[in-house]
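Some notes on the structure that comes next.
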Amino acid sequence: MLVKTYAAAVHGIDAIVVTVETVVTKGMQYCIVGLPDAAVKESHERVRAAIAQSHFNIPRISVVINLAPADIRKEGAAYDLPIAVAVLVGAAVIEAPDLDKYMILGELSLDGSVLPVKGVLPMAIEARAKGFKGIIVPSANATEAAVVNNLEVYGVDSLQEVVAFFKDNTTIKPTVVDTRAEFARASTVYDYDFSEVKGQENVKRAFEVACAGGHNILLIGPPGSGKSMMAKRLPSIMPPLTLGEALETTKIHSVAGKLRRGAKLMTVRPFRSPHHTVSSVAMVGGGANPKPGEISLAHNGILFLDEFPEFPRSVLEVLRQPLEDRHISVSRARYQVDYPAGFMLVASMNPCPCGYYTHPSKPCTCQPGAVGRYMSRISGPLLDRIDLHVEIMPVPFDDLAAKRSGETSAAIRERVIRAREIQAQRYASEPEIHCNAQINSRLMSKYCTLSPTATAILKRAIEKYDMSARAYDRILKVARTIADLDASAEIMPQHISEAVNYRSLDRSSWGTALG
């Protein structure tokens, strides 16, 4: 007897419908084809034990399973449940006339319980797109799948519940999530707030400029000056996720298996902070069983690299192309996948190996030339993609002891949102441009024109500090963002002056005192 059930396979961050074709005849054979990985091949033992422990009596049978399309690699244990249902129907143990209306996903435990799986959200999206009436998933994944509207989502805890569902589909109530209400309720809830930060007004301002224009930023300062502490608060001043961005971000984390049990939509921009021992594969994605890397998990959010020069050079260099293209293509002998990677890079570092080169009171103990060697760990092309270089100093005691609170993240975020709205209107005819950091030379010449006074200020700064040509474009982009924060259609001299101050590392004198 031929039985068809339906599951899905994840490719990149999207899903493809997989037809589980099962032929059950008399005999004692079990064969599974269709490019399965080891976990899928091992489903035989799990399915057999789960059926027995669920008190279903199956005669000796021969089972041949084909996972179509056969040229797509099938990975993981999500095929256990559709295979078990197909075997039960094929062996005439149960009847399921509505089997073709539902996609079925789930890993089976030996006792017949259903365990959660990865990538349920893109699978649910694909199920709706292909016209399925509903999807049956583990209970732990039900709220994740229920984010998809116009699709019945049924969460189950055991194989027996699935069988009971097909006998009488009123036994399990569908899981319902009001996506828009949940999103609106949680989209402005943050764990950290800038009101808790004492002092560091210049750094807060730099963060505001960076978020307003989508600029990458590098913090340089001695240990204990608050670099990591303030970076963690950056998501609280970024523009809230749109519903589309939240759905895309949640898909990525679902495929990577990073969603918490019972999670729905991600409502806050992601903040990823990998350790400096991270490998290139963990950073960009891929592996034997391909999954998104840190740069994709930071999509629509922030990738924070603390102790920037301590990262291996090979890891840092793989960031260059994603920073420009906002996506990463991972090509291997057996597969090629594309992952989104539209993140804002925030990096921090000490000014020298001992950390006290720029400290106002503690002397630097590094040997001559150490600062230059330390900075050379970061390549020029990578620094070229970082718009703001901000020096940060330790907070004075009077600021630490002050009882007054700083400006709240909500107040800063309002200004950032207004600036982003100006940019959205400006670049409405440019589908690939969303903020000032992404503009090209053509758009710079159109929107970053300077008055004679502003041009003179920029010329003096470049000549005085011996800045490179690459600093010119970055200063103009940042100045355009500062002007947007002031709701100014023109870039004024004060905007250029502030932007110049955010290019510390382009000054030829920086780091040469000990070199």
Side-chain angles (χ1 to χ4, degrees), residues 184 186-219 226-227 229-242 245-246 267-271 300-302 304 342-346 386-390 392 399 404-428 433-439 443 447-448 454 474-503:
S187 59
T188 56
V189 178
Y190 301 96
D191 295 330
Y192 303 101
D193 196 279
F194 268 99
S195 62
E196 303 158 352
V197 179
K198 301 293 183 67
Q200 303 292 13
E201 299 303 324
N202 63 319
V203 183
K204 293 179 187 177
R205 171 63 177 179
F207 277 158
E208 180 180 340
V209 172
C211 292
H215 302 288
N216 303 317
I217 183 171
L218 173 62
L219 303 176
K227 301 185 294 292
M229 180 267 294
M230 284 189 286
K232 291 178 181 178
R233 286 158 172 77
L234 267 175
S236 68
I237 65 172
M238 294 186 73
L241 287 168
T242 64
E245 288 176 332
T267 56
V268 176
R269 293 188 181 274
F271 180 89
N300 291 324
I302 293 168
F304 177 54
F343 60 91
M344 177 177 151
L345 176 63
V346 180
I386 300 178
D387 295 343
L388 288 84
H389 311 152
V390 181
I392 176 172
D399 288 341
R404 65 181 183 277
S405 298
E407 188 176 24
T408 64
S409 292
I412 302 173
R413 187 169 62 248
E414 287 181 7
R415 296 195 294 269
V416 170
I417 291 173
R418 286 197 295 268
R420 284 292 185 104
E421 289 172 348
I422 292 173
Q423 294 166 51
Q425 295 175 3
R426 179 186 300 137
Y427 308 125
I433 305 297
H434 306 285
C435 55
N436 289 330
Q438 301 170 8
I439 61 177
L443 294 176
Y447 295 114
C448 298
R474 305 297 171 182
I475 291 173
L476 286 182
K477 291 181 182 181
V478 174
R480 178 66 270 171
T481 298
I482 297 170
D484 290 340
L485 284 168
D486 287 345
S488 173
E490 298 181 1
I491 299 177
M492 307 301 289
Q494 64 269 26
H495 303 146
I496 285 290
S497 298
E498 183 177 352
V500 168
N501 288 331
Y502 295 137
R503 299 298 300 180

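These numbers come from the heavy atoms of this one structure, side chains and all, not from hydrogens, waters or symmetry mates.
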As an exercise, state the distance from [atom1] of [X] to [atom2] of [Y], rounded to the nearest 0.5 Å.
X      : Y      : atom1 : atom2 : value
Phe343 : Phe271 : CZ    : CZ    : 13.5 Å
Ile496 : Arg480 : CD1   : CZ    : 10.0 Å
His495 : Leu476 : NE2   : CG    : 13.5 Å
Ile433 : Leu443 : CD1   : CG    : 6.0 Å
Arg269 : Glu245 : CZ    : CD    : 4.5 Å
Asp484 : Cys435 : CG    : SG    : 11.0 Å

Check your understanding: Does a side chain donor of either Asn436 or Thr481 reach within less than 3.5 Å of an acceptor in the other side chain?
Key ->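 Thr481 and Asn436 do have a side-chain donor-acceptor pair below 3.5 Å.
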Ignoring hydrogens, what is the shortest heavy-atom contact between [X] and [Y]? Give both atom names and the distance.
X      : Y      : answer
Ile475 : Ala499 : O-CB, 3.5 Å
Val346 : Ala231 : CG1-CB, 4.4 Å
Met238 : Tyr190 : O-OH, 4.4 Å
Glu490 : Ala483 : O-CB, 3.8 Å

Short question: side chain of [X], backbone of [Y] - any donor-acceptor pair under 3.5 Å?
X      : Y      : result
Gln423 : Ala212 : yes
Asp387 : Arg474 : no
Arg418 : Arg413 : no
Asp486 : Ser488 : no
Ser409 : Phe194 : yes

Check your understanding: Quick one: do Asp191 and Arg233 make a salt bridge, cutoff under 4.0 Å?
Key ->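 The answer is no: the pair does not qualify as a salt bridge.
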Exercise for review: Before accepting this row, confirm whether a basic side-chain N of the pair Glu208/Arg415 lies closer than 4.0 Å to the acidic partner's carboxylate O.
Suggested key: yes
Review point. When you look at Leu241 and Thr267, which way does the side-chain contact (heavy atoms from CB on, under 4.5 Å) test go after all the steps?
Key: CA-CA 7 Å; Leu241 287 168; Thr267 56; 5.8 Å; no
Review point. When you look at Leu219 and Val203, which way does the side-chain contact (heavy atoms from CB on, under 4.5 Å) test go after all the steps?
Key: CA-CA 9 Å; Leu219 303 176; Val203 183; 4.1 Å; yes
**Study point:** Other residues, nucleotides, ligands: >12 heavy atoms within 6.0 Å of Glu196 CD
**Key:** yes
Check your understanding: Just wondering, more than 12 heavy atoms not from Tyr447 lying within 6.0 Å of its OH?
Key ->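 Result for OH/Tyr447: enclosed.
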Is there side-chain contact between [X] and [Y], with at least one heavy-atom pair below 4.5 Å?
X      : Y      : result
Lys227 : Ile392 : yes
Pro239 : Glu421 : no
Cys448 : Ile491 : yes

Practice item. Would you sort out whether Tyr427 and His434 count as a side-chain contact (heavy atoms from CB on, under 4.5 Å), showing the intermediate values? Key: CA-CA 7 Å; Tyr427 308 125; His434 306 285; over 6 Å; no
Exercise for review: Assess whether salt bridge (Lys or Arg N to Asp or Glu O under 4.0 Å) is satisfied between Glu201 and Lys204, documenting all intermediate values.
Suggested key: CA-CA 5 Å; Glu201 299 303 324; Lys204 293 179 187 177; 3.5 Å; yes
Practice item. Would you mind telling me which of Leu218, Asn216, Val478, Asn501 makes a side chain to side chain contact (heavy atoms under 4.5 Å, CB included) with Leu388? Key: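 Option passing the side chain to side chain contact (heavy atoms under 4.5 Å, CB included) with Leu388: Val478.
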Practice item. Go through Tyr502 and Arg205 one step at a time and tell me if the side-chain contact (heavy atoms from CB on, under 4.5 Å) criterion holds. Key: CA-CA 11 Å; Tyr502 295 137; Arg205 171 63 177 179; 3.3 Å; yes
